[in-house]
Enquirer: 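I have a structure here, written as structure tokens, and I will follow up with some questions on it.
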Amino acid sequence: DGYYTKERISIMIQQIYNLLWGDLITIPLPGGSSLGLSLLVILLIPSGIYFTIRTRFLPFRLFPEMIHAVLEKDDKSRKDSISGIQALIVSTACRVGMGNLVGVVAAISAGGAGAVFWMWLIAVFGASTAFMEATLAQIYKEKDPLYGGYRGGPAYYIHALFQKTSTKNRRCVLAVLFALSGLICWCGISQVIGNSISSAVENAFHIPPIYTAVILVLIAAVIVLRKNATVKVLDIMVPIMAGCYFLLTLFIIIKNIHLLPSVFQKIFMEAFGFRQAVAGGIGAVIMNGAKRGLFSNEAGSGSAPCAAAAADISHPAKEGLLQSLGVFIDTLLICSCSAMIMLMTPPGFIDGLQGMDLLQESMKYHLGNFGPIFIAVILWLFSFSTFIGILFYARPNIAYLFGDNWLSQTLYKILALAMLFVGCLAAYTFVWDLGDIGVGLMTIFNLIALFPLAPKALSQLKEYEAIRKEEKKASA
């Protein structure tokens, strides 16, 4: 009987997964190919375009302001809180994960070089959505009695939207659903992380997964179970790992600079279907790029605002701009690095390979035996920082569901560590689908609140731009 129930649950999960990520609408395209649109793509891309128009093309217009916000000196007022930059580092830790390595490779394998263009385009629209959700997280943040500083996120602004009266104790159904979807999603991701780290380490150093599992969980436990170690560790880790990956890619690009024009030509020719590269035609190119872009930069899923809310910053719109920049760092910088490494490898070297193996072979071509080792280490860092980061995201959601107590916080961390351990030893696609379902549901619940609350974020943007205008006048 137990087996029968398990089968039914498995089928149900598969159906929900297909509803969110499978093709809802199929649009026929000239040349016999078709464009399959999933529910999340139908929701996220128009939302991104809408917010880009409403913010008067913020990703282009205010790019200098994003850089200014990064370079400006720290303006936090409380000792135990985190700064805007630190919140950006936490969200970058989560955005920059194995998706930036393996996911990009998979998108190009399935969609050809043209997928890279669509990935870039999605990032530009995603930056506007990221601005809206991070700004709202700042507007509705509250003091955090457990960890000090502030906390918030979609559960809190959804609550504010639907519980008009000041009944703090009554939870809002939609906010509860968001928080639960988040916690399910992050458990799923923990398993995926364990699996990708243990297989990369096994490939590069031939270390059995059980050893990786034990060491990984011990290091993670030391960091996550301490009260405020997360941000301190990520502060050091994220800039180093992203910087190393970027500099090494830059070295590979400079070494193969003669290939650069042809790589770009390939990306643009294939993006618009001037050159048939993959089975499934241009539809496959667009969808693979779009899905990778959406999944990688997390804009609209409501996860990054959980970090954005914690920032102690002079103006909500400033954190919004920092989080928009986070989308660019993730997709235009780190994802492009993986794409370049792969597209500059002669096809003969990587024929018939997939995922991690393909990336490791590409690196081997460029850097000799150091290549696969470097990728294993980078993947370890990217994935490990994501694990620590998602447990930071989980905090405000656990607090929203179970109130302010250390018991629920610690139990969730132990659950995630257990998932990480199990993931190292075996791949349960069932759990991975759960993670994808979690992200999908979070996105839907988050977008339900983003549209009615948009005017609040837009008025903050207006106010911030006015302040900056005055500052520039004063300093001129």
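In this chain, residues are counted from 1 in sequence order. Nothing here was measured: the structure is a model prediction, and the numbers come from that model.
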Enquirer: I need the minimum non-hydrogen distance between Glu465 and Arg61, along with the two atoms involved.
Expert: OE1-NH1, 2.8 Å
Enquirer: In this structure, is the centre-to-centre distance between the rings of Phe272 and Phe117 below 6.0 Å?
Expert: yes
Enquirer: How would you list all residue pairs meeting salt bridge (charged side-chain N to carboxylate O under 4.0 Å, His left out) that involve residues 300-322, not counting sequence neighbours?
Expert: Glu72-Lys318, Asp75-Lys318
Enquirer: For Lys456, is the NZ atom crowded, meaning more than 12 foreign heavy atoms sit under 6.0 Å from it?
Expert: no
Enquirer: Do Glu298 and Ser303 have a side chain donor and acceptor closer than 3.5 Å?
Expert: yes
Enquirer: Counting only N and O atoms by type, is there a donor-acceptor contact under 3.5 Å from the side chain of Asn446 to the main-chain atoms of Met442?
Expert: no
Enquirer: Donor-acceptor check, side chain of Arg171 to backbone of Tyr400, threshold 3.5 angstrom: yes or no?
Expert: yes
Enquirer: Do side-chain atoms of Ser81 reach the backbone of Gly149 as a donor and acceptor pair under 3.5 angstrom?
Expert: no
Enquirer: Distance-only, no hydrogens or angles: does the Trp186 side chain make a donor-acceptor pair with backbone N or O of Tyr393 under 3.5 Å?
Expert: no
Enquirer: Describe, in one word, how the ring planes of Trp380 and Phe384 are oriented to each other, choosing from parallel (under 30°), tilted (30 to 60°) and perpendicular (over 60°).
Expert: parallel
Enquirer: Quick one: pull up CG in Leu343 and CG in Leu259 and give me the separation to the nearest 0.5 Å.
Expert: 10.5 Å
Enquirer: Indicate the ring-plane relationship of Phe295 and Trp21, choosing parallel, tilted or perpendicular according to the 30° and 60° boundaries.
Expert: perpendicular
Enquirer: Check whether the ring centres of Phe51 and Phe125 lie less than 6.0 Å apart, and answer yes or no.
Expert: no
Enquirer: Answer yes if the side chains of His315 and Gln138 hold a donor-acceptor pair under 3.5 Å, and no otherwise.
Expert: no
Enquirer: So, Ser128 and Tyr50: side-chain donor and acceptor under 3.5 Å apart, yes or no?
Expert: no
Enquirer: What pair of heavy atoms forms the shortest contact from Thr443 to Ser301, and how long is it?
Expert: OG1-CA, 3.5 Å
Enquirer: Any donor-acceptor pair under 3.5 Å linking the side chain of Tyr412 with the backbone of Leu183?
Expert: yes
Enquirer: So Trp120 and Phe264, would you call those rings parallel, tilted or perpendicular, with 30° and 60° as cut-offs?
Expert: tilted
Enquirer: Ignoring hydrogens and angles, write down the donor-acceptor pairs under 3.5 Å from the side chains of residues 222-238, residues two or more places apart or on other chains.
Expert:
from: Asn228; atom 1: ND2; to: Tyr147; atom 2: O; distance (Å): 3.3
from: Asp235; atom 1: OD2; to: Gln86; atom 2: NE2; distance (Å): 2.9

Enquirer: Checking Asn195 side chain against Gly423 main chain: does a donor-acceptor pair fall under 3.5 Å?
Expert: yes
Enquirer: With rounding to the nearest 0.5 Å, note down the distance linking CD1 in Ile444 to CZ in Phe178.
Expert: 12.0 Å
Enquirer: Any salt bridge linking Glu471 with Arg468? Criterion: basic side-chain nitrogen under 4.0 Å from a carboxylate oxygen.
Expert: yes
Enquirer: Is the shortest distance from a Lys or Arg side-chain nitrogen in Asp330 or Arg95 to a carboxylate oxygen in the other one below 4.0 Å?
Expert: no
Enquirer: Measuring from atom OG of Ser34 to atom CG of Asp23, what distance do you get when rounded to the nearest 0.5 angstrom?
Expert: 7.5 Å
Enquirer: Mark yes or no for whether Asn297, through its side chain, and Gly293, through its backbone, hold a donor-acceptor pair below 3.5 Å.
Expert: yes
Enquirer: If I take atom CG from residue Asp404 and atom CD from residue Gln409, how far apart are they, to the nearest 0.5 angstrom?
Expert: 8.5 Å
Enquirer: Could you measure the distance from the CG atom of Leu294 to the OG atom of Ser38? Nearest 0.5 Å is fine.
Expert: 8.0 Å
Enquirer: I need the minimum non-hydrogen distance between Pro154 and Pro305, along with the two atoms involved.
Expert: CD-CB, 3.7 Å
Enquirer: Kindly compute the distance separating CD1 (Ile341) from OG (Ser362), expressed to the nearest 0.5 Å.
Expert: 8.0 Å
Enquirer: What are the two closest heavy atoms between Ala307 and Val90, and how far apart are they?
Expert: CB-CG1, 4.0 Å
Enquirer: Where the side chain of Thr331 meets the backbone of Phe328, is there a donor-acceptor pair that is under 3.5 Å apart?
Expert: no
Enquirer: Would you indicate whether the side-chain heavy atoms of Ile27 and Ile25 approach each other to under 4.5 Å?
Expert: yes
Enquirer: Using a 3.5 Å distance criterion without hydrogens, assess whether the side chain of Asn100 forms a donor-acceptor pair with backbone atoms of Gly97.
Expert: yes
Enquirer: What pair of heavy atoms forms the shortest contact from Ala220 to Leu417, and how long is it?
Expert: CB-CD2, 3.6 Å
Enquirer: Run the side-chain contact (heavy atoms from CB on, under 4.5 Å) check on Leu322 and Val70 step by step: do they pass?
Expert: CA-CA 7 Å; Leu322 285 170; Val70 171; 3.5 Å; yes
Enquirer: Under a 3.5 Å cutoff, is there a donor and acceptor pairing between the side chains of Tyr150 and Asp80?
Expert: no
Enquirer: Can you see which heavy atom on Leu174 is nearest to which on Ile158, and at what distance?
Expert: CB-CG2, 3.7 Å
Enquirer: So, does Glu133 use its side chain to make a donor-acceptor pair with the main chain of Gly300 at under 3.5 Å?
Expert: yes
Enquirer: Classify the side-chain pair Arg151/Tyr156 by whether it contains a donor and acceptor separated by less than 3.5 Å.
Expert: yes
